[in-house]
Number of protein chains: 2
Amino acid sequence: MKKQQLYKGSLNTIIMKLLEQHGKMYGYEITQKVKEITQGEMNITEGALYPALHKMEADGFLDVEMDRVDGRIRKYYKLTESGVKETVSRMEELENFVRNMQNIVNPNLKLGY
Amino acid sequence: MKKQQLYKGSLNTIIMKLLEQHGKMYGYEITQKVKEITQGEMNITEGALYPALHKMEADGFLDVEMDRVDGRIRKYYKLTESGVKETVSRMEELENFVRNMQNIVNPNLKLGY
DNA sequence: TTTTGATGCATAAAAAAATTATGTATATTT
DNA sequence: AAATATACATAATTTTTTTATGCATCAAAA
């Protein structure tokens, strides 16, 4: 009965930020890392994850490298130069979003003007 | 060339919170209030706003009251009892989202455990 | 030993929520 | 007189997600 807990539009930001921190990761690893960090509150579904990874690759933000580990295939993704820039941009967007939402929900805290 | 600055899924939360604070508001007023609070960074488009208001009304979260002011029609919306509860729930969701995003983007800050 | 659960990728159909583009109409400002 | 601001609305499209599958390997449990 749980809500999705995941605001649409935040998935790419999450993926990129994790890749920035860890260098390279594969899809399943990303889902587990998010589950771990959020204590199970956020769950990245495969139906959202894989198309997102493919799109970011097509957009030139990610590079892929295939590996075979224990008989299973892993596709490691890492940020391209363009992806690094995009990550910075997305982080600014997230910070703006949070700041704006705080100003909306808490009208007592005024901005520094 | 600006980005939308509005995470999908946050619109209903914004509307409900503003209604909670102001008692009753009409659509156009909501767009202006958001623009004012965010210094123009967030812009609620009518194409998103009106369907959202209609849906929340259909879901029983909002009540409507029509007014004619200066020859123009205004539809004032206010939260129902059910809408007040939903607002609380959505605020919790937003807080969880922000906390989870902070834990993801800033792995240095550990949770209190 | 067989079946379940975890690992690992993927896509298709549908739903949700937005953008973009219109449309109507009145009031005010230039 | 024309442009801008106010005020509502909807339709077509796009974006992003959920839900539901599908395939395949490996480890653990029954």
Side-chain angles (χ1 to χ4, degrees), chain A residues 1-16 24-36 40 42-59 61-62 64-77 86 90 93-94 97 100, chain B residues 1-16 24-36 40-59 61-62 64-77 86 90 93-94 97:
Chain A
M1 307 304 149
K2 276 207 343 181
K3 289 276 183 63
Q4 63 284 347
Q5 300 297 77
L6 200 153
Y7 277 74
K8 299 183 181 192
S10 61
L11 180 57
N12 290 309
T13 306
I14 292 171
I15 293 172
M16 288 185 173
K24 65 175 187 179
M25 297 180 85
Y26 55 100
Y28 186 74
E29 188 184 11
I30 293 172
T31 66
Q32 299 310 300
K33 182 60 76 178
V34 169
K35 198 177 289 183
E36 176 201 325
M42 274 187 183
N43 272 295
I44 309 297
T45 60
E46 305 109 304
L49 176 73
Y50 292 112
L53 287 171
H54 301 160
K55 174 129 200 329
M56 285 190 279
E57 187 194 349
D59 289 342
F61 297 139
L62 301 185
V64 197
E65 182 196 319
M66 301 262 288
D67 257 12
R68 189 182 187 78
V69 179
D70 290 329
R72 288 194 216 80
I73 281 176
R74 284 183 187 169
K75 286 178 79 173
Y76 280 96
Y77 290 90
E86 180 70 10
R90 285 197 170 258
E93 241 190 277
L94 175 62
F97 171 74
N100 284 325
Chain B
M1 307 304 146
K2 275 207 347 186
K3 291 276 184 65
Q4 61 285 349
Q5 300 298 77
L6 200 152
Y7 276 74
K8 297 177 185 199
S10 60
L11 180 57
N12 290 308
T13 306
I14 292 172
I15 294 171
M16 288 184 172
K24 65 174 186 178
M25 297 179 85
Y26 55 99
Y28 186 74
E29 188 184 11
I30 293 172
T31 66
Q32 299 309 299
K33 182 59 77 181
V34 169
K35 198 178 288 185
E36 176 201 327
E41 280 185 48
M42 273 188 185
N43 272 293
I44 308 298
T45 60
E46 305 108 305
L49 176 72
Y50 293 112
L53 287 171
H54 300 162
K55 173 130 204 325
M56 285 190 279
E57 188 195 347
D59 288 343
F61 297 139
L62 301 186
V64 197
E65 182 195 319
M66 300 262 289
D67 257 12
R68 191 182 185 78
V69 179
D70 291 329
R72 281 194 286 274
I73 281 177
R74 282 183 189 170
K75 287 178 78 173
Y76 280 97
Y77 289 90
E86 181 71 10
R90 283 194 171 261
E93 241 190 278
L94 176 62
F97 172 75

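Every chain is numbered from 1 and lettered A, B, ... according to where its sequence line falls, protein lines coming before strand lines.
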Between [N] atom [atom2] and [X] atom [atom1], what is the distance in whole Å?
| X | N | atom1 | atom2 | answer |
| --- | --- | --- | --- | --- |
| A:Leu53 | C:dG8 | CG | P | 15 Å |
| B:Tyr26 | D:dA7 | OH | P | 4 Å |
| A:Tyr28 | C:dA6 | OH | P | 8 Å |
| B:Asn43 | C:dT20 | CG | C1' | 14 Å |
| A:Lys55 | D:dT16 | NZ | P | 6 Å |
| B:Asn12 | C:dA17 | CG | P | 7 Å |
| B:Arg74 | D:dA9 | CZ | P | 14 Å |
| B:Lys8 | C:dT20 | NZ | P | 10 Å |

> For A:Lys33 and A:Glu29, what are the C-alpha separation, side-chain angles and deciding distance, and is it a salt bridge (Lys or Arg N to Asp or Glu O under 4.0 Å)?
Replying inline: CA-CA 6 Å; A:Lys33 182 60 76 178; A:Glu29 188 184 11; over 6 Å; no
> Less than 4.5 Å apart, any side-chain heavy atom of A:Phe97 and any of A:Ser10?
Replying inline: no
>> Please find the pair of heavy atoms, one from B:Tyr77 and one from B:Glu57, that lie closest to each other, and give the distance.
In response: CE2-OE1, 4.2 Å
> What does B:Gly47 touch in the nucleic acid at a heavy-atom separation under 4.0 angstrom: a base, only the sugar-phosphate, or nothing?
Replying inline: base
>> When you measure from the side-chain N and O atoms of A:Tyr50 to the phosphate of C:dA10, is any distance below 4.0 Å, counting only OP1 and OP2?
In response: no
>> Can you tell me if A:His54 touches the phosphate of C:dT11, counting only side-chain N or O atoms and a distance under 4.0 Å to OP1 or OP2?
In response: yes
Let's see if you can work this out: which of [options] has an atom nearest to the side-chain heavy atoms of [X]?
| X | options | value |
| --- | --- | --- |
| B:Thr45 | D:dT10, D:dT18, C:dT19 | C:dT19 |
| B:Lys75 | D:dA9, C:dT11, C:dA6 | D:dA9 |
| B:Asp70 | C:dA27, D:dA5, C:dA18 | C:dA27 |
| A:Pro51 | D:dT15, D:dA7, C:dT11 | C:dT11 |
| B:Ala48 | C:dT19, D:dA5, C:dT7 | C:dT19 |
| B:Arg72 | D:dT18, C:dA27, C:dA18 | C:dA27 |

> Between A:Arg68 and A:Leu49, who's closer to the 5' end of DNA chain D by nearest nucleotide?
Replying inline: A:Leu49
>> Could you check whether A:Lys24 makes a cation-pi contact with A:Tyr76, meaning its NZ or CZ is under 6.0 Å from the centre of the six-membered ring and within 45° of the ring axis?
In response: yes
> Between B:Glu46 and B:Ala52, who's closer to the 5' end of DNA chain C by nearest nucleotide?
Replying inline: B:Ala52
> Say you draw a straight line from CG of A:Asn100 to CD of A:Glu93; how long is it, rounded to the nearest 0.5 Å?
Replying inline: 11.0 Å
